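Here's the structure we're looking at; comments come further down.
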Amino acid sequence: MPELPEVETIRRGLSKRIVGKKIVGTDIRVPKNFIGDKNLVIGHEVKEIVRRAKVVAIKLDNSLNLLFHLKMTGQLIYRQESSNIDNQLSGKSKIKSDSFAGGHPDHNWHAELPNSTTAIIFTFNDGTKLYFNDLRKFGWCKVLNDQELQKIFDEEYGLEPFDDKFNAEYLMLRASKIPNRNIKQFLTDQTIVAGIGNIYVDESLFDAKIVPTRRVKDIQKSEWIKIIESVKKILELGIQFGGTTDSDYVNADGEKGGMQNHLKVYRKAGLPCPDECGGKIERISIGGRGTHFCRNCQK
DNA sequence: CTATCTGTTCTGAC
DNA sequence: TGTCAGAACAGATA
């Protein structure tokens, strides 16, 4: 589930909390979710958290990195206290212990940890813990050195949406090589633009008033410019709201995450067009993915 | 109960 | 090379 805004939210949340801390323990509960030697990271300090596309990396002081991909159902949850659900739920105004959760939204954010989906637990020198949960076990955490990390960042992903080089000329060049591809699959191709997934692509195309089925060869330059504007606008909105999360989600500052309250078309099939064009939100399948749009005002 | 759906990405068949 | 179904897995939903 996590797309760029969710992963960026995780990056920011973790940056505030674990930079400068030393990893003193790694508990691998689901081996298939962890690739590498867990002992190599023990005793090392977190220097920085970086994001690229939908992956986030914890950089350590020994030139090693923990790279995470949350896929559909991964979560990263930081807890200052081992597990004390009463403490978290009792305080009406303020949550005493610091905690932070990001990723797949379900109702486990402030439940007791570890739980049945917990794959990996990192323990820091101050006793705080970072839990990697993953219900469907598609996600992974890899131990990589700086060169390996850079190689992945360079070779597996296209431009970041907020890169200045992400412009109409770039997209038209890439589109010219696959002219018959529809715009939805084009924008969710991670080797073209990094970080856009099924939710944000539907929302961005609605904002740009382009039908998801449009072939990229039929898109005019002015429309590419509009698409870029919309993608950036929608992603920024997502980051601003802390990603699309469960309504129960409360971060350490007591704020509710909530991009889901601002979605206009995603999972809104049958409802009237939010732009009041008189049309109705339709749901079709593109590349096996649920696709939501208004046939009346998206052209 | 069964059948179908799900926010990601990779692989193999044609 | 492009396209598509199916795979990995564990639910929720109808």
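These figures come from a predicted structure and were not determined experimentally. Each chain gets a letter, A, B and so on, in the order the sequences are listed, and its residues count up from 1.
For A:Lys32 and B:dC10, the NZ to P distance is 13 Å, given to the nearest whole Å. Rounded to an integer number of Å, the gap from CZ of A:Arg52 to C1' of B:dT9 is 16 Å. Between A:Glu155 atom CD and B:dT9 atom C1' the separation is 18 Å, expressed in whole Å. Here the C1' atom of nucleotide B:dC10 and the CH2 atom of A:Trp140 are 12 Å apart, to the nearest Å. Distance, A:Met72 CE to B:dT8 P: 7 Å, rounded to whole Å. If you take OH of A:Tyr157 and C1' of B:dC10, they are 12 Å apart, rounded to a whole angstrom.
The separation of C:dG6 from B:dA3, taken at their P atoms, amounts to 16 Å, rounded to a whole angstrom. Taking the P atoms as reference points, B:dG12 lies 16 Å from C:dC9, given to the whole Å. For C:dT3 and B:dG7, the C1' atoms lie 23 Å apart once the distance is rounded to whole Å. Nucleotides C:dA5 and B:dT4 place their P atoms 15 Å apart, quoted to the nearest Å.
Once rounded to the nearest 0.5 Å, the distance linking CG of A:Leu66 with CZ of A:Phe132 reads 11.0 Å. To the nearest 0.5 Å, the span separating NZ on A:Lys142 from CG on A:Asn33 amounts to 12.0 Å. Distance CZ/A:Phe206 to OG/A:Ser230: 10.5 Å, rounded to 0.5 Å. Rounding to the nearest 0.5 angstrom, the gap separating the CG atom in A:Asn145 from the CD atom in A:Gln150 is 11.0 Å. Considering NZ of A:Lys47 and CD1 of A:Ile18, their distance stands at 13.0 Å, rounded to 0.5 Å.
Contact annotation: A:His69 does not reach the phosphate of B:dT8 (side-chain N/O to OP1 or OP2, under 4.0 Å). Between A:Lys54 and the phosphate of B:dT9, there is a side-chain N or O to OP1/OP2 separation shorter than 4.0 Å.
Listed by first and then second residue, the side chain to side chain donor-acceptor pair (under 3.5 Å) pairs involving residues 233-243 of chain A are A:Asp207-A:Lys233 (not counting sequence neighbours). The ring pair (Phe, Tyr, Trp, His ring centres under 6.0 Å) contacts involving residues 39-67 of chain A comprise nothing, where partners must be two or more places apart or lie in separate chains.
Hydrophobic cluster of A:Ile286: the remaining members, joined at side-chain heavy-atom separations below 4.5 Å, are A:Val211, A:Ile284, A:Phe293, listed by chain and number. Applying the 4.5 Å side-chain rule to ILVMFWY residues, one finds A:Ile35, A:Val50, A:Val55, A:Leu67, A:Trp140, A:Leu149, A:Ile152, A:Phe153, A:Tyr157 in the same cluster as A:Leu144.
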Just distance, no hydrogens or angles: give the donor-acceptor pairs under 3.5 Å from side chains in residues 262-275 of chain A, sequence neighbours left out.
from, atom 1, to, atom 2, distance (Å)
A:Asp275, OD2, A:Lys209, NZ, 2.5

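Between A:Thr118 and A:Asn133, the side chains place a donor N or O and an acceptor N or O closer than 3.5 Å (distance only, hydrogens not considered). Side-chain atoms of A:Lys184 and A:Thr213 form no donor-acceptor pair, as typed in the model, at a separation below 3.5 Å.
When distances run from any side-chain atom of A:Glu3 to the nucleotides B:dC10, B:dT9, B:dG7, the shortest one goes to B:dG7.
At a non-hydrogen distance threshold of 4.0 Å, A:Gln190, A:Gly197, A:Asn198 from residues 174-198 of chain A come into contact with DNA chain B. Taking every heavy atom of residues 285-295 of chain A and every atom of DNA chain B, pairs under 4.0 Å involve A:Arg289, A:Gly290, by number.
Under the 6.0 Å cut-off for aromatic ring centres, A:Phe186 and A:Trp224 qualify, their centroids lying closer than that.
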Can you tabulate the close N/O pairs, meaning under 3.5 Å, that link protein atoms to atoms of nucleotides 2-5 of chain B?
from, atom 1, to, atom 2, distance (Å)
B:dC5, O3', A:Arg283, NH2, 3.4

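Counting heavy atoms of neighbouring residues, nucleotides and ligands inside a 6.0 Å radius, atom NZ of A:Lys22 does not exceed 12 of them.
Extent of DNA chain C lying under 4.0 Å from chain A heavy atoms, first and last nucleotide in 5' to 3' order, is C:dG2 to C:dA10.
With sequence neighbours left out, the side-chain hydrogen bond (donor to acceptor under 3.5 Å, both in side chains) criterion links A:Arg174 to A:Tyr170. Scored by the side-chain hydrogen bond (donor to acceptor under 3.5 Å, both in side chains) test, A:Gln147 finds no partners at all (sequence neighbours excluded).
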**Study point:** For DNA chain B, the dot-bracket pattern of Watson-Crick and G-U pairs whose distances stay under 3.5 Å, | for other-strand partners
**Key:** .|||||.|||||||
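When atom types are taken as modelled, the side chain of A:Glu156 and the backbone of A:Thr191 share no donor-acceptor pair closer than 3.5 angstrom.
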